[in-house]
Student: 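The structure is given below, and queries will be raised subsequently.
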Amino acid sequence: MNNLFKELIDLLNKEFEKFHLDESVQLNLSKMPEFDMQINNLVKHNKADFFNNLQKNIIEVINSTNFFQPVEETELGFLNLVFNHNVLIKQITNKKSDFVNDNSQKIIFDYGGPNIGKPLHVGHMRTLNIGRSLYNIHSFIGNDVISDIHLGDWGMPIAQIITYLENESINTDSLDSSQLEIIYPKASEQYKSNNEFKVRAQEINKLLNNNDSELLELWRAIKNISIKNLEENFSLLNHSFDYWLGESDVNELIPEMIESLYKNKKIIEDSGALISAENTDPKILITKSDGSYLYITTDLATVLYRQNNIGYDKSYYIVDNRQSLHFQQLFDSIKFFEFNNLHHEHISYGTLNDSDGNPFRTRDGGTKPLSELFEETYEYIKNINNDLEDSAIKQLANSVLTFSDLITNRKTDYKFDLEKFTSVNGKTGIYVQYAQVRARKLQQNIVQQKNKFETLVLSEIDKRLLSQLFMFGHFLEQSFSLNEPHHLANYLYDISNSFNQFYEYEKLTEIEDSDHISSKVYLINLFLTTSKNVMFCLGMRPVEKM
RNA sequence: GGCCUCGUAGCUCAGGGGAUAGAGCACAGGUUUCCUAAACCUGGUGUCGCAGGUUCGAAUCCUGCCGAGGCCGCCA
């Protein structure tokens, strides 16, 4: 919420307190077109004897701010509010300063993967998009944000690759990322079908856990090849990370952690393995019976690493729905093992499928690399407008991949439909970019116009756009409090749509009244600021032309 | 079998105690250029899976059932 309205809500809450009502006033958007906002808290008290006094007080407070047209008492207690545009334009800028909060929190964003050795595939896209958006949103409202890609650079997949290289006598000097990507599926297949291979891979995994120097060297070579490839991909997709830590970085913390937990009877033996002593169903397996580590082992050690070396108030794990049990067990264990009482949250998301609703596959049935999806999107846009510069097409392609990913609630599975998502009509990255480009051109053409006016002169269409622009804070709040970027994505579509209506309704060059022109110039500027900031919050970059 | 999601317009999805349940697509017709028409305008749709319950008020909360998907100790 805009800080302006937050202060109002605080004042209103105090009025409720006077009547011993412990509730927070909900200043919501109105569903009725003739109003901007509404307060429904009063309705449930409309049979109480204090109702009239409460309503009177509430209305008095609201009217004293002048943010809205004078509010009328109602019989039922539905308070309908209409913005006082003349007052609010002096207070609302939609810049970061409107929203920055006083109690900044330090938040770690854990991207839970990807694994080295495996190509960055389509399944990784949501983690990247949702993570970047939430990171930007929290940064925008003044939180101290830290991203950690948290590479899957440890454990069985690596052991499988090394086993494969060993069997085939492949030297890492001649290895590049594309070969590595072919090797992993083969290694994984052998691990499942060939028992000798499986035994050796498990042995290698344990040796790695015990820091076998020769294997570590091999591992490091594989990791470097993989990181180089990841960096190229991320650069193309405009992603970056503060930390490139991985599961391997906490390996040395684990023996001590296990020992301490065992000594304090927090973990116990069970069929040779170590499990949490907490009474849970299912049991939480902490190490395997051969002593080697699991996903949860490294995640637990990572918590210790972070609280000791980075420090944080909140930790968000942006990982798909299917791993919810893992995170439930992890969060349970952090408390049960008495590591800390900090806030940990699984930011889960649904599966990305192809336009038929099936899992994304390449033509030969393999996992589809993310770079391939980017290429297809790039080509599609290029075919629509062949005159565009390469950099603009890339930005548009990224807009499509980002916006279409964020427009749906993250928890919902959705279908990626290239034709639909690259269309200029509908809720697409292309549409919102186009509106912004139009505004940008108008701004350039009317640069000589002063952005000052004696009185605000607005048509109905102008008012609707302005009201919507004043609501940025509402959608921002929804997005960061629920960690759901789709509220802002939909908002970006709505203001873009309103801007296009505004654009078509009256031609700037045909208006004679100078206050009306200046009012419109003001609106264009506010729209551009807002659109740019929402795009930042979503992880998109505005294009200059298209 | 146990646990977790989900079921809303022809399709894809918002809305998750508040007033007459919304948007995009698709379909039909119309409007040209301050700016690429890559736009705008006008058209109408719903047993909110089913049945109970809680409430002044339920698509929303609770219970049961039906249906879809996911997860369930030595993968990550």
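First the proteins, then the strands, lettered A, B, ... as listed; each starts at 1. It should be emphasised that the depicted structure is a prediction, and the values quoted were computed from it without experimental measurement.
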Student: Tell me if G52(B) is syn or anti. Syn = glycosidic torsion within 90° of 0, anti otherwise.
Tutor: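 What G52(B) shows is an anti base, its glycosidic angle lying more than 90° from 0.
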
Student: Using Watson-Crick or G-U wobble geometry with both distances below 3.5 Å, tell me the partner of G52(B), or none.
Tutor: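 Matched G52(B) with C62(B) under the 3.5 Å cut-off.
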
Student: Using atom P in both nucleotides, what's the gap between A19(B) and U60(B) to the nearest angstrom?
Tutor: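 So the two P atoms sit 13 Å from each other.
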
Student: Can you tell me if the side-chain N/O atoms of Y431(A) get under 4.0 Å from OP1 or OP2 in A37(B)?
Tutor: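 It does not, given that no N or O in the side chain of Y431(A) lies less than 4.0 Å from OP1 or OP2 of A37(B).
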
Student: Just name whichever nucleotide pairs with G67(B), Watson-Crick or G-U, keeping both distances under 3.5 Å, else none.
Tutor: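 By the stated definition (distances under 3.5 Å), C6(B) pairs with G67(B).
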
Student: Expressed in angstrom and rounded to an integer, what is the separation of N41(A) atom CG from G17(B) atom C1'?
Tutor: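 Whole-Å distance recorded here is 12 Å.
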
Student: Quick one: sort the Y414(A) and F421(A) rings into parallel, tilted or perpendicular, breaks at 30° and 60°.
Tutor: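 Tilted.
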
Student: Using a 6.0 Å cut-off, check whether atom CD of E389(A) has over 12 heavy atoms from anything other than its own residue.
Tutor: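 No, not enclosed.
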
Student: Parallel, tilted or perpendicular: which one describes the rings of Y295(A) and H326(A), with boundaries at 30° and 60°?
Tutor: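 Judged by the thresholds at 30° and 60°, the geometry between Y295(A) and H326(A) is parallel.
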
Student: NA contact type, Q433(A), heavy-atom cut-off 4.0 Å: base, sugar-phosphate, or nothing?
Tutor: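 No contact.
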
Student: Taking only nitrogen or oxygen atoms into account, show me every contact under 3.5 Å that the protein makes with nucleotides 69-76 of chain B, one pair per line with its distance.
Tutor:
{"residue": "C74(B)", "atom": "O2", "partner": "S289(A)", "partner atom": "N", "Å": "2.5"}
{"residue": "C74(B)", "atom": "O2", "partner": "S289(A)", "partner atom": "OG", "Å": "3.2"}
{"residue": "C74(B)", "atom": "N3", "partner": "S289(A)", "partner atom": "OG", "Å": "3.1"}
{"residue": "C74(B)", "atom": "N4", "partner": "S271(A)", "partner atom": "O", "Å": "3.3"}
{"residue": "C75(B)", "atom": "OP2", "partner": "K288(A)", "partner atom": "NZ", "Å": "3.0"}
{"residue": "A76(B)", "atom": "OP2", "partner": "Y295(A)", "partner atom": "N", "Å": "3.3"}
{"residue": "A76(B)", "atom": "O3'", "partner": "E247(A)", "partner atom": "OE1", "Å": "3.3"}
{"residue": "A76(B)", "atom": "O3'", "partner": "E247(A)", "partner atom": "OE2", "Å": "3.1"}

Student: Please determine whether a side-chain nitrogen or oxygen atom of R438(A) lies at a distance below 4.0 Å from atom OP1 or OP2 of U33(B).
Tutor: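 Answer no for this pair, as no side-chain N or O of R438(A) is under 4.0 Å from OP1 or OP2.
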
Student: Determine the interatomic distance between P on C66(B) and the same-named atom on A28(B); round to the nearest Å.
Tutor: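 The answer is 43 Å between these two P atoms.
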
Student: How far does CD of E460(A) sit from CG of L465(A), to the nearest 0.5 angstrom?
Tutor: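 So the CD of E460(A) and the CG of L465(A) are separated by 12.5 Å.
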
Student: What distance, rounded to whole Å, do you find between the two P atoms, one in C61(B) and one in G7(B)?
Tutor: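 It works out to 10 Å between them.
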
Student: Should the pair F241(A) and W244(A) be assigned to parallel (<30°), tilted (30 to 60°) or perpendicular (>60°) ring geometry?
Tutor: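 Taking W244(A) first and then F241(A), their aromatic rings stand perpendicular (interplane angle over 60°).
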
Student: Think N80(A) has a side-chain N or O under 4.0 angstrom from the OP1 or OP2 of A19(B)?
Tutor: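 No, no such contact exists.
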
Student: Might you work through the side-chain contact (heavy atoms from CB on, under 4.5 Å) test for T408(A) and H486(A), ending with a clear yes or no?
Tutor: CA-CA 6 Å; T408(A) 305; H486(A) 75 277; 5.9 Å; no

Student: Could I get a table of every N or O pair under 3.5 Å where one atom is in the protein and the other is in nucleotides 25-29 of chain B?
Tutor:
{"residue": "C25(B)", "atom": "OP1", "partner": "G426(A)", "partner atom": "N", "Å": "3.3"}

Student: Taking the same atom, P, in G67(B) and in C25(B), what whole-Å distance lies between them?
Tutor: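 Pairwise P distance, G67(B) against C25(B), rounds to 36 Å.
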
Student: Are K44(A) and E23(A) within salt-bridge range, i.e. N to O under 4.0 Å?
Tutor: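 Salt bridge present between K44(A) and E23(A).
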
Student: Which residue is it: E484(A), Q478(A), E477(A)? I am looking for the one with a side chain to side chain contact (heavy atoms under 4.5 Å, CB included) to F480(A).
Tutor: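 It is E477(A); the other options fail the test.
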
Student: Using the benzene-type ring in the case of Trp, are the ring centres of F527(A) and Y522(A) under 6.0 Å apart?
Tutor: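 Not under 6.0 Å, so no.
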
Student: Please tell me if K415(A) has a side-chain N or O lying less than 4.0 Å from either OP1 or OP2 of U12(B).
Tutor: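 Yes, within the criterion.
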
Student: How many Å lie between CZ on R410(A) and P on G15(B), as a whole number?
Tutor: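 Checked: the CZ to P distance equals 11 Å.
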
Student: Contact class for N46(A) (heavy atom, under 4.0 Å): base, sugar-phosphate, or nothing?
Tutor: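 Nothing, no nucleic acid heavy atom in range.
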
Student: Roughly how many Å apart are A9(B) and G49(B), using the C1' atom of each and rounding to a whole number?
Tutor: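 Those two atoms are separated by 15 Å.
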
Student: Looking for any heavy atom pair under 4.0 Å, which part of the strands does D299(A) touch: base, sugar-phosphate only, or nothing?
Tutor: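 Nothing, no nucleic acid heavy atom in range.
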
Student: When the P atoms of G18(B) and A59(B) are compared, how many Å lie between them, rounded to an integer?
Tutor: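 My reading of the P atoms in A59(B) and G18(B) gives 11 Å.
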
Student: Should A39(B) form a Watson-Crick or G-U wobble pair with both distances under 3.5 Å, which nucleotide is its partner?
Tutor: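 Looking at the geometry, A39(B) pairs with U31(B).
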
Student: To the nearest Å, give me how far apart CG (D320(A)) and P (U5(B)) are.
Tutor: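 Rounding to the nearest Å, CG of D320(A) and P of U5(B) are 15 Å apart.
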
Student: Between G44(B) and U63(B), how many Å separate the two C1' atoms, rounded to a whole number?
Tutor: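 The same atom, C1', in both gives a distance of 37 Å.
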
Student: Name the nucleic acid region contacted by E419(A), choosing base, sugar-phosphate or nothing; use a 4.0 angstrom heavy-atom cut-off, strictly under.
Tutor: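 Answer is nothing: E419(A) stays at 4.0 Å or more from every strand.
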
Student: Does the Lys NZ or Arg CZ of K266(A) fall within the cation-pi geometry relative to F336(A) - under 6.0 Å from the ring centre and within 45° of the axis?
Tutor: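 So K266(A) does make the cation-pi contact.
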
Student: With a 3.5 angstrom cut-off on both distances, give the Watson-Crick or G-U wobble partner of U12(B), or none if there isn't one.
Tutor: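 A23(B) - that is the nucleotide pairing with U12(B), both distances being under 3.5 Å.
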
Student: Have a look at R306(A) and tell me which of D148(A), D249(A), D299(A) forms a salt bridge (charged side-chain N to carboxylate O under 4.0 Å, His left out) with it.
Tutor: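 The single option meeting the salt bridge (charged side-chain N to carboxylate O under 4.0 Å, His left out) with R306(A) is D148(A).
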
Student: Taking the C1' atom in each of U47(B) and U55(B), what is the distance between them to the nearest angstrom?
Tutor: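 Straight-line distance between the two C1' atoms is 23 Å.
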
Student: Please report, rounded to the nearest Å, how far the P atom of U5(B) is from the CD atom of E484(A).
Tutor: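 In whole Å, U5(B) P lies 14 Å from E484(A) CD.
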
Student: May I ask you to check whether F19(A) and F50(A) place their ring centres under 6.0 Å from each other?
Tutor: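 Yes, the ring of F50(A) comes within the 6.0 Å limit of the ring of F19(A), centre to centre.
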
Student: Tell me which nucleotide, if any, is Watson-Crick or G-U wobble paired with G73(B) when both distances must be under 3.5 Å.
Tutor: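 Answer to the pairing question: none, since G73(B) forms no Watson-Crick or G-U pair.
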
Student: Considering every strand shown, what is the Watson-Crick or G-U wobble mate of G57(B) when both distances are under 3.5 Å?
Tutor: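 Base-paired to nothing in any strand shown.
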
Student: Once you apply a heavy-atom cut-off of 4.0 Å, does K411(A) come out as touching a base, just sugar-phosphate, or nothing?
Tutor: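 Since no nucleic acid heavy atom lies under 4.0 Å of K411(A), the category is nothing.
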
